[in-house]
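Here is the structure we will look at.
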Amino acid sequence: NISEESKCILCGAEALVRWCKNGIVIPPMEFIPFLEKNGLVTKVDFYVLEHVCRDIKSWEEKGIKPVRISSNFSRRHLGDPEFANKVEAVFRKYQVDPSYFEIEITESYDSEDMEALVQFEKRMHEIGVKLSVDDFGSGFSSLKMVKNIVSDTIKLDKSIIDGVGSDDKNNEIIVSHIIKMIRCLGKEVLAEGVETKEQAAFLRDNGCDPIQG
């Protein structure tokens, strides 16, 4: 059960995949790289999207208004010219409102993917789906990428949030300026992996209200 207070601050959720084997939950960092390498991750991404669609349809049938659900997609999809058509087909299959969805694509794509990414994002915007760049700061983040993409949200990776509240204040200077830059570009910024009250307070004071713990 969700308390009334929690309902007021719950702005969305993220669909995360886990592998249960012999009663043990295996974290994604132990199997996603393998799936990325052999291409099977694309099937997993659409499996998760369909699962989310079924859940949202079930909530609506029970009279529960859904929050926006984020679903992750690998950059591998950007090489498929039918990517956008396939996503739209899933929404039609389950007769769900696309505005309940946010699609996340990791920042770690090659420059040649940029045109395909921009075209996909524009197509999703046309039907009401929000877009976000996931794991920003986990690798080499191109300023050109930030300038050109039409994503609504950029999600700061946990690896750069971990330094907030530490003795090295350079971490906080970097995070505060990243937040300011993203907001000045008219995009929402969301912090992932927030684990302490100090981190939450710092992010709030620097204009990053949505956080993901």
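By convention here, the first residue in the shown sequence is residue 1.
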With His51, which residues qualify under side chain to side chain donor-acceptor pair (under 3.5 Å), at least two apart? Asp55
Please confirm whether the backbone N or O of Ile105 pairs with a side-chain atom of Arg75, one donor and one acceptor, at under 3.5 Å? no
The side chain to side chain donor-acceptor pair (under 3.5 Å) partners of Asn85 (sequence neighbours excluded) come to Glu82, Arg123
Is the backbone N or O of Lys130 less than 3.5 Å from a side-chain atom of Asp152, with the two atoms forming a donor-acceptor pair by type? no
Least distance between heavy atoms, Asn38 atom then Leu35 atom: OD1-O, 3.0 Å
Any idea which heavy atoms bring Val52 and Ala15 closest together, and the distance? CG2-CB, 3.5 Å
CA sep, side-chain torsions, deciding dist, call: Val87, Leu49, side-chain contact (heavy atoms from CB on, under 4.5 Å): CA-CA 8 Å; Val87 171; Leu49 180 63; 4.3 Å; yes
Who pairs with Asp45 by side chain to side chain donor-acceptor pair (under 3.5 Å), at least two apart in sequence or on another chain? His77
Arg76 side chain vs Glu36 backbone, donor-acceptor pair below 3.5 Å: yes
Heavy-atom pair with the smallest gap, counting every atom of Ile211 and Ala200: CD1-CB, 4.0 Å
Close side-chain approach of Val129 to Tyr100, heavy-atom, < 4.5 Å: no
Verify the cluster assignment for Val25 and Leu16: are they in a single hydrophobic cluster under the rule of side-chain heavy atoms below 4.5 Å apart? no
If you look only at pairs with a residue in residues 13-25, which of them pass as a side-chain hydrogen bond (donor to acceptor under 3.5 Å, both in side chains), with sequence neighbours excluded? Glu14-Asn72, Glu14-Lys155, Glu14-Gln212
So for atom NZ, which belongs to Lys57, do other residues, nucleotides or ligands contribute more than 12 heavy atoms lying within a distance under 6.0 Å? yes
Atom OH of Tyr94 with >12 non-hydrogen neighbours under 6.0 angstrom: yes
By side chain to side chain contact (heavy atoms under 4.5 Å, CB included), Glu195 pairs with (sequence neighbours left out) Lys158, Gln199
Starting from Ile173, can I reach Val164 by hopping between I/L/V/M/F/W/Y residues whose side chains sit under 4.5 Å apart? no
Shortest non-hydrogen separation from Leu203 to Ala191 and the atoms involved: CD1-CB, 3.6 Å
Applying side chain to side chain donor-acceptor pair (under 3.5 Å), can you list everything that pairs with Glu188, at least two apart in sequence or on another chain? Thr153
Closest non-hydrogen atoms of Phe91 and Cys53, given as atom of the first, atom of the second and distance, are CD2-SG, 4.0 Å
Does Phe120 form a side-chain contact (heavy atoms from CB on, under 4.5 Å) with Leu131? I'd like the steps, not just the answer. CA-CA 10 Å; Phe120 173 74; Leu131 282 301; 4.0 Å; yes
One should read off an interatomic distance between Arg92 CZ and Glu88 CD, to the nearest 0.5 angstrom, of 6.0 Å
Partner residues of Glu102 under the salt bridge (charged side-chain N to carboxylate O under 4.0 Å, His left out) criterion, sequence neighbours left out: none
In plain terms, say whether Lys86 and Asp80 are close enough for a salt bridge, that is, a side-chain N and a carboxylate O under 4.0 Å apart. yes
Which residues pass the side chain to side chain contact (heavy atoms under 4.5 Å, CB included) test with Ser166, sequence neighbours left out? Asp168, Asn171
Nearest-0.5 Å distance, CG of residue Asp157 to OG of residue Ser159: 3.5 Å
Check whether any side-chain heavy atom of Tyr47 lies under 4.5 Å from a side-chain heavy atom of Lys43, and answer yes or no. no
Could you see if Val48 belongs to whatever hydrophobic cluster contains Met29? Use Ile, Leu, Val, Met, Phe, Trp, Tyr and a side-chain cutoff under 4.5 Å. no
Out of curiosity, Ile179 CD1 to His177 NE2, how far, rounded to the nearest 0.5 Å? 11.0 Å
Say whether Leu190 and Ile160 are linked into one hydrophobic cluster, either directly or through other cluster members, by side-chain heavy-atom distances under 4.5 angstrom. no
If you measure from CD1 on Ile178 to CD1 on Ile154, what distance do you get to the nearest 0.5 Å? 10.0 Å
Please list all pairs passing the ring-ring contact (aromatic ring centres under 6.0 Å, His included) test where one or both residues lie in residues 185-211, with sequence neighbours left out. none
Taking only residues two or more places apart in sequence, or in another chain, which ones meet Glu30 in a side chain to side chain contact (heavy atoms under 4.5 Å, CB included)? Ile26, Pro27
Minimum heavy-atom distance between Thr42 and Gly39, given as atom pair plus value: OG1-O, 3.0 Å
Look at the aromatic rings of Phe73 and Phe83 and report parallel, tilted or perpendicular, splitting at 30° and 60°. tilted
Roughly how far, to the nearest 0.5 Å, is CD1 of Ile69 from CH2 of Trp59? 4.5 Å
With sequence neighbours left out, write down each residue that passes salt bridge (charged side-chain N to carboxylate O under 4.0 Å, His left out) with Glu50, or none if nothing qualifies. Lys93
Calculate, to the nearest 0.5 Å, the distance between atoms CD1 and OG belonging to Ile64 and Ser58 respectively. 7.5 Å
Mark yes or no for whether Lys65, through its side chain, and Glu60, through its backbone, hold a donor-acceptor pair below 3.5 Å. no
So does Phe101 get a backbone contact from the side chain of Arg68, meaning a donor-acceptor N/O pair under 3.5 Å? yes
Checking Lys169 now: which residues fulfil salt bridge (charged side-chain N to carboxylate O under 4.0 Å, His left out) with it, not counting sequence neighbours? Glu172
Single-linkage hydrophobic cluster, 4.5 Å side-chain cutoff, Ile24 and Val17 together: no
